[in-house]
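When a ligand or atom number is given, it counts from 1 through the structure's own listing order.
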Amino acid sequence: MADDTHDHPWLESLRGQFVVFDGPDGSGKTTQFHRFTELAEAHGVRVCEVREPGGTAIGEQIRDLLLHYRDDEHGEMAPSCEMLLFMASRAQLIAERIRPALADGCLVLADRFISSTLAYQGTAGGTPIDDIVQVGQVALGQTWPDLVVVFDVDEATAAKRLNPLLDRMEQKGADYHQKVRQGYHDQAQRQPERYLVIDARAEEDVVFERLLEAMANKSRG
Ligand code: TYD
């Protein structure tokens, strides 16, 4: 059982850092995200939580379009349009919330970020990774995450955790999701210093314990 009251002095080194929690749909990352925020705040670290797509007034409108647009009614959304909409939402989030919070010494904790675009639109969707990185340079400027934590699950475990009312992105099928998972693995392999992959197939407490251990080790360098 993970002990949330235990002392974790390493959490204090996260002030002014930018950390992303990411992973396939049904990975349980959002539960871990809120739990981690509580723990960091209990250690006196101010946390700015953001979620993608969305997190700003502009971003929430883009989110609505991305998650509820009906391809069957209005015609297919071009993959490049989809990628640019995710990135546009992100550009606003960085300008409006992430940069000011980092400048203020907060830990910025993001539920998804450019790592999602690389996995979903890139590896799974077929948009070239280099194109996404180039557009990412425009949207992010110097503000790239210090650490990306990937919650890794197999398709069967993920499917059991998902709400049966799936949104547009979640409806893309098992093959797409397998590629998404591969996309995260590829990123972690390309940049091992910036990524942590957590086996998220176990129950919540076990995954949280693994998360804390892995992050503590990372913070020790
Ligand atoms: P959301 O309901 O926020 O899902 P979750 O709780 O899993 O984060 O929906 C976000 C969906 O959008 C999710 O299926 C992943 C997808 N997505 C992309 O395809 N590309 C992106 O860049 C981002 C941020 C999300």
Side-chain angles (χ1 to χ4, degrees), residues 18-37 49-56 58-71 76-94 97-98 108-129 131-140 143-145 148-155 157-184 186-187 198 200 204 207:
F18 180 14
V19 176
V20 174
F21 281 14
D22 214 328
D25 294 283
S27 64
K29 72 178 161 48
T30 305
T31 308
Q32 301 292 331
F33 178 82
H34 293 306
R35 206 162 154 179
F36 188 79
T37 297
E49 281 188 341
V50 294
R51 72 155 185 181
E52 284 210 338
T56 63
I58 291 174
E60 290 299 325
Q61 290 191 35
I62 297 176
R63 176 185 177 88
D64 196 44
L65 187 58
L66 279 164
L67 301 187
H68 303 120
Y69 177 84
R70 297 284 306 268
D71 296 82
E76 198 198 342
M77 185 186 291
S80 53
C81 174
E82 183 176 293
M83 186 270 277
L84 289 164
L85 284 173
F86 277 113
M87 208 66 89
S89 166
R90 184 166 301 135
Q92 185 66 24
L93 186 67
I94 291 168
R97 298 203 43 214
I98 296 180
V108 172
L109 200 57
D111 188 342
R112 297 196 179 281
F113 202 61
I114 193 169
S115 33
S116 284
T117 314
L118 290 164
Y120 283 77
Q121 283 65 49
T123 311
T127 299
I129 297 294
D131 288 0
I132 298 174
V133 172
Q134 271 188 33
V135 176
Q137 313 278 20
V138 177
L140 275 60
T143 315
W144 289 74
V148 180
V149 181
V150 173
F151 292 88
D152 183 45
V153 278
D154 57 283
E155 171 62 22
T157 309
K160 272 190 237 143
R161 290 177 181 166
L162 279 179
N163 186 319
L165 294 171
L166 301 182
D167 67 38
R168 177 173 162 272
M169 298 308 298
E170 291 167 341
Q171 284 167 0
K172 295 200 174 194
D175 185 42
Y176 186 82
H177 285 273
Q178 183 48 42
K179 288 189 194 147
V180 166
R181 186 182 186 201
Q182 187 57 48
Y184 286 113
D186 293 349
Q187 291 173 52
I198 307 288
E204 185 187 318
V207 175

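- Here the side chain of R112 pairs no donor or acceptor atom with the backbone of P53 at under 3.5 angstrom.
- Between R112 and ligand 1, an N or O atom pair is found at a separation short of 3.5 Å.
- Annotation: atom 16 (C) of ligand 1 to nearest protein heavy atom, M169 CG, 3.8 Å.
- Counting only heavy atoms from C-beta outward, the side chains of I114 and M87 approach each other to under 4.5 Å.
- Between R63 and ligand 1 there is a heavy-atom distance shorter than 4.0 Å.
- A donor-acceptor pair under 3.5 Å is absent between the side-chain atoms of R90 and the main chain of A139, judged by distance alone.
- Between T37 and E49, the side chains place a donor N or O and an acceptor N or O closer than 3.5 Å (distance only, hydrogens not considered).
- Near D167, meaning under 4.0 Å from any of its heavy atoms, are these atoms of ligand 1: 2 (O), 9 (O).
- Not less than 6.0 angstrom separates the ring centroid of F86 from the ring centroid of Y120.
- Atom 25 (C) of ligand 1 has as its closest protein heavy atom F86 CE2, 3.4 Å.
- Put simply, the side chain of Q32 gets close to the backbone of E204: a donor and an acceptor are under 3.5 Å apart.
- For atom 19 (O) of ligand 1, the nearest non-hydrogen atom of the protein is Q121 NE2, 2.9 Å.
- In terms of protein heavy atoms, atom 4 (O) of ligand 1 is closest to D25 OD1, 4.0 Å.
- Side-chain atoms of S27 never come within 3.5 Å of backbone atoms of D152 as a donor-acceptor pair (strictly under, hydrogens ignored).
- Distances from atom 6 (O) of ligand 1 to the heavy atoms of K29, R90, R161, E52 put K29 nearest.
- Residue contact check: T117 has heavy atoms under 4.0 Å from atoms 21 (C), 22 (O) of ligand 1.
- Those atoms of ligand 1 with a heavy atom of L67 less than 4.0 angstrom away are 9 (O), 11 (C), 12 (O).
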